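Step one of this worksheet: look at the structure below.
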Amino acid sequence: MLLNYEEEFLPKTGGLSFKKQVREVFTARAKDKVKDLQKINPNMIFLIDWDSVLTLPSDLKWKARKEELGAIDNVILYLKFSRKIGYLCSELPAEFCKDPDCKEAFLGLKKMILHIKHNPNDDQSDGFNSHQFGVAGEELHVTLEANLPLLMRAANDGASPNPKEDVKRLTNCF
């Protein structure tokens, strides 16, 4: 499964600059974190819906690190440096699989796909409980719908996740 993982992770659309940034996310985060995920489910890979990132509003900009960047660049930086991928690939599955029935359901999945949507009305800054879960066949879809500028400021990135709350919502998908 890991032989073609990079090929599946990389976007099929977007310019060369975008694809280069995504490759950095893969190298810095996803490649290692999917190994953690596969300790729990050896057949599962983690993917990001890059089309959801590419459709973010082009006029949405904010200063998250030292300069103001557009939404796509800020999301890429966030995924590269935040704990989000680690949380989705290790902490959340480990907590979910403590229950034998949940573990059996989780082992039947082949892909975890992260979708990112901007919700300007969301006032939560931690984002960890902004996940929506859905299961379609062998795919677990995780949608992070949040006020992206609020969520992705560097000061908010250290917020502690609440896996028990996410497990409750995830359980309802099966």
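Every value quoted in this text rests on a predicted model; they were computed, and no experiment measured them.
- One finds the NZ atom of Lys39 at 14.5 Å from the SG atom of Cys97 (value rounded to the nearest 0.5 Å).
- For the atom pair NZ (Lys110) and CG (Asn43), the distance works out to 4.0 Å, reported to the nearest 0.5 Å.
- Gly70 and Lys61 get closest at one heavy-atom pair: CA-CG, 3.8 Å.
- Nearest approach of Ile45 to Gln38, heavy atoms of both residues: CG2-NE2, 3.9 Å.
- Scanning both residues, Met112 and Pro93, for their nearest heavy atoms gives CE-CG, 4.4 Å.
- The minimum heavy-atom distance between Leu109 and Asn41, with the atom names listed, is O-ND2, 2.9 Å.
- Rounded to the nearest 0.5 Å, atoms CD (Glu165) and CG (Leu170) are 12.0 Å apart.
- Using a 4.0 Å cut-off between charged side-chain N and carboxylate O, Glu24 and Lys80 make a salt bridge.
- Applying the 6.0 Å contact sphere to NZ of Lys12 captures more than 12 heavy atoms from other residues, nucleotides or ligands.
- Put simply, the side chain of Leu148 reaches to within 4.5 Å of the side chain of Ile116, judged on heavy atoms.
- In this structure, the side chains of Leu140 and Ile113 stay at 4.5 Å or more apart for every pair of heavy atoms.
- Under a 3.5 Å cut-off, the side chain of Ser90 and the backbone N or O of Asp36 do not form any donor-acceptor pair.
- Judged by distance alone, with hydrogens and angles left aside, the side-chain atoms of Trp50 form no donor-acceptor pair with the main-chain N or O of Lys19 at under 3.5 Å.
- Between the Asp49 side chain and the Ser52 main chain, a donor and an acceptor come within less than 3.5 Å of each other.
- Remark: Leu114 CG to Leu79 CG distance equals 6.5 Å, nearest 0.5 Å.
- Judged as a side-chain hydrogen bond (donor to acceptor under 3.5 Å, both in side chains), the pairs with a partner in residues 67-77 (not counting sequence neighbours) are, in order, Gln21-Asp73.
- Put simply, the side chain of Val34 does not reach to within 4.5 Å of the side chain of Met44, judged on heavy atoms.
- Here Phe26 and Tyr5 bring their ring centres to under 6.0 angstrom of each other.
- A search for salt bridge (Lys or Arg N to Asp or Glu O under 4.0 Å) contacts involving Lys98 returns Glu95, not counting sequence neighbours.
- Between Leu54 and Thr13 there is a side-chain heavy-atom pair separated by less than 4.5 Å.
- Taking the six-membered ring where the residue is Trp, the centroids of Phe96 and Phe174 are separated by under 6.0 Å.
- Heavy-atom minimum distance, Gly134 versus Cys173: N-SG, 3.8 Å.
- In terms of modelled atom types and a separation under 3.5 Å, the side chain of His118 and the main chain of Leu56 share no donor-acceptor contact.
- Applying the side-chain hydrogen bond (donor to acceptor under 3.5 Å, both in side chains) test to pairs two or more places apart or on separate chains, those with a residue in residues 135-144 are His115-His141, Glu139-His141.
- We find the CD1-CZ distance between Ile72 and Phe18 to be 6.0 Å, quoted to the nearest 0.5 Å.
- Asn147 contributes a side-chain N or O that, together with a main-chain N or O of Pro120, makes up a donor-acceptor pair within less than 3.5 Å.
- Here the closest non-hydrogen pair linking Pro149 and Leu60 is CG-CD1, 3.8 Å.
- Side-chain atoms of Phe46 and Lys31, non-hydrogen and from C-beta on, never get closer than 4.5 Å to each other.
- Within the 3.5 Å criterion, the main-chain N or O of Lys168 finds a donor-acceptor partner in the side chain of Asn172.
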Would you sort out whether Lys33 and Leu37 count as a side chain to side chain contact (heavy atoms under 4.5 Å, CB included), showing the intermediate values? CA-CA 6 Å; Lys33 290 302 170 187; Leu37 180 62; over 6 Å; no
Which is it for Ile85 and Ile48 under the side chain to side chain contact (heavy atoms under 4.5 Å, CB included) test, yes or no, and what are the steps along the way? CA-CA 10 Å; Ile85 294 175; Ile48 296 172; 4.3 Å; yes
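- Inter-residue side-chain proximity for Arg23 and Phe9 is flagged as unmet; no heavy-atom pair is nearer than 4.5 Å.
- In terms of modelled atom types and a separation under 3.5 Å, the side chain of Arg169 and the main chain of Gln132 share no donor-acceptor contact.
- Formation of a donor-acceptor pair under 3.5 Å by the Arg29 side chain with backbone atoms of Ser82 is found in this model.
- One distance of note links NZ of Lys103 with CG of Leu107; it measures 6.0 Å at 0.5 Å rounding.
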